[in-house]
Protein chains: 2
Amino acid sequence: MNEQARIPRATAKRLPIYYRYLTFLEDAGTNRISSAELAEATKFDAATIRRDFSYFGALGKRGYGYDVKALLSFFAKVLDQSSLINVALIGVGHLGHALLNFNFHQSSNMRIAAAFDINEHRGKILSGVPIYDMSELEEQIKAQRINIAILTVPQEEAQEITDRLVSAGIKGIMNFTPLRVSVPDGVRVQNVDLTNELQTLVYFIQNYASITTGK
Amino acid sequence: MNEQARIPRATAKRLPIYYRYLTFLEDAGTNRISSAELAEATKFDAATIRRDFSYFGALGKRGYGYDVKALLSFFAKVLDQSSLINVALIGVGHLGHALLNFNFHQSSNMRIAAAFDINEHRGKILSGVPIYDMSELEEQIKAQRINIAILTVPQEEAQEITDRLVSAGIKGIMNFTPLRVSVPDGVRVQNVDLTNELQTLVYFIQNYASITTGK
DNA sequence: ACATTATCGTGAAATATTTATTAAATGGAT
DNA sequence: ATCCATTTAATAAATATTTCACGATAATGT
């Protein structure tokens, strides 16, 4: 049932969550896991989990569950955990600083390899990451073959910098600004809008009182 | 509640985004806006936007578009922008610090009114927000009638603190930890998992190359 | 060896969401 | 005043996603 027909997006978004929990289980020495236990930990419905896994083939054993090691090494391949992925951070303000200290590498194969800001920090190394001046953006991104960027600049600059990122070869942007930036086809933007998340939370509390599940 | 049939969740999540853009338009002195223009700014499909608005009744005029002021004041009511909403921040690490400096109040009716951490910062005031010791959690949350919390504590403590928050009356949690915490019915959790967002971005870039839209 | 139990995989049903289509209404141009 | 381009609202169709329900099957216990 495979030949890699495309996986539903909703499933794709859950993949990293499964992956992380599986690494936790392996570290804990757990050998087997059922969809029901996985559901308990991830808060996704057990049937959803089985369905998700089934897109990749029959990974489990009936009456038994899933073998943690096997599942983990399979998902490691799916998520391509084999190589380190370098990411650029654009804008080293408060949030940028926090992200520099946020150890992505600890629980994934990603790390911030370069950060950019206007003058203030240039030349410094913060949390082991060199800070470059914005003028070096294209040069460094190309030289370091980075194709993912985290954008934490003031809203006013977001579109202009996005354009520069795209022309430097960036293919994915995690956008922390409230502006919905425009990008050409082939570039993907993941918006992380903290004010919205909070406002949505407030709205749901006031209007959908008894429904629990987030995301 | 009201005679209003319940709005789809997908729509509810877009509401704050519409709201913010409408405030921007009003500030800019724009009087009318079409779904197509709104689509350009928000990156949602114009038909989706019209459908979203239509759940609230006929807010627009055919052949004309939407009146910015009218739409804005309507959404202000829907999102209950009338009163200030106090939020608690639990955990003042790097990310917590960034959130203290992140001016939610500027673009919404929310603000962090109290922050909690173990000893290090207790008694201080950071970015105008008093920092309390974790031991005062229940007391302060009840006294200040806070029902939303932002959780940026180490994963190991997340569930225990969540339980305390819930028993103190918290109804909504914006969870920055990778742990999927358990909460009773009536409490809503919004997970913001930065590592996941990045990993998802990587996955989409590698597997869905030409599809742009995020979220 | 056999029964019992656990648990997957999946077709089908149910929900949810987006997109296409069309008729009706509006404002502005002629 | 009439026509035309615009643009919504409503209905229908198409997609996407989740959930149900159950047969199939592996592991375990007797």
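The chains referred to below are lettered A, B, ... by the order of the sequence lines, with proteins before strands, and numbering in each begins at 1. If you're wondering where the values come from, they're calculated on a predicted model, not measured in any experiment. These values consider heavy atoms only, across backbone and side chains, with no hydrogens, waters or symmetry-generated copies.
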Classify the ring geometry between Y18(A) and F75(A) as parallel (under 30°), tilted (30 to 60°) or perpendicular (over 60°).
tilted

Separation of dA6(C) atom C1' from E37(A) atom CD, nearest Å, is 11 Å

Is the Y203(A) ring parallel, tilted or perpendicular to the Y208(A) ring (thresholds 30°, 60°)?
tilted

Listed nucleotide nearest any side-chain atom of D45(A), set dT19(D), dT17(D), dT28(D):
dT19(D)

R6(B) CZ to dT15(C) C1': how many Å, rounded?
15 Å

In terms of the nearest nucleotide of DNA chain C, which residue is placed more toward the 5' end: R51(A) or Y64(A)?
Y64(A)

Rounded off to whole Å, could you give me the CD1-to-P distance for the I7(A) and dT17(D) pair?
11 Å

Which nucleotide in the list dT19(D), dT19(C), dT7(D) gets nearest to the side chain of R62(B)?
dT7(D)

Does Q81(A) use its side chain to pair, donor to acceptor, with the backbone of L79(A) at less than 3.5 Å?
yes

Any side-chain N or O of Y66(A) under 4.0 Å from OP1/OP2 of dG9(C)?
yes

Starting at CG of N31(B) and ending at P of dG27(C), how long is that distance when rounded to a whole Å?
14 Å

What is the separation between atom CG on L59(B) and atom P on dA25(C), rounded to the nearest whole Å?
17 Å

When the distance from CZ of R9(B) to C1' of dA16(D) is rounded to whole Å, what number comes out?
16 Å

Ignoring backbone atoms, establish whether S34(B) has a side-chain N or O less than 4.0 Å from OP1 or OP2 of dT6(D).
no

Looking at dC8(C), I'd like to know if its phosphate oxygens (OP1 or OP2) sit under 4.0 Å from a side-chain N or O belonging to S35(A).
yes

Quick one: is K61(B) getting a side-chain N or O under 4.0 Å of the dT7(D) phosphate, OP1 or OP2?
no

To the nearest angstrom, how far is D52(A) atom CG from dT7(C) atom C1'?
17 Å

Using five pairs at either end of the helix from dA1(C)-dT30(D) to dT30(C)-dA1(D), determine the angle between the two local helix axes and round it to 10 degrees.
10°

Taking OP1 and OP2 of dT18(D), is either one under 4.0 Å from a side-chain nitrogen or oxygen of R14(A)?
yes

Among side-chain atoms of S82(B) and K77(B), is any donor-acceptor pair under 3.5 angstrom?
no

Using whole Å, what does the distance between atom C1' of nucleotide dT19(C) and atom CD1 of I49(B) come to?
13 Å

N or O in side chain of R50(B) less than 4.0 angstrom from dT6(D) OP1/OP2:
no

Select from G63(A) and A47(A) the residue whose nearest nucleotide in DNA chain D is closer to the 5' end of that strand.
A47(A)

For L151(A) and A158(A) the tightest heavy-atom approach is CD2-O, 4.1 Å

Can you figure out which of dT10(C), dT18(C), dT18(D) approaches the side chain of S54(A) most closely?
dT10(C)

E40(B) atom CD, neighbour heavy-atom count above 12 within 6.0 Å
no

Please check this pair: side chain of T152(B) against backbone of I90(B), looking for a donor-acceptor N/O pair closer than 3.5 Å.
yes

So, applying side-chain contact (heavy atoms from CB on, under 4.5 Å) with I112(B), which one of L100(B), I148(B), N86(B) is it?
L100(B)

Specify the residue among F53(B) and T11(A) whose closest nucleotide of DNA chain D lies further upstream toward the 5′ end.
F53(B)

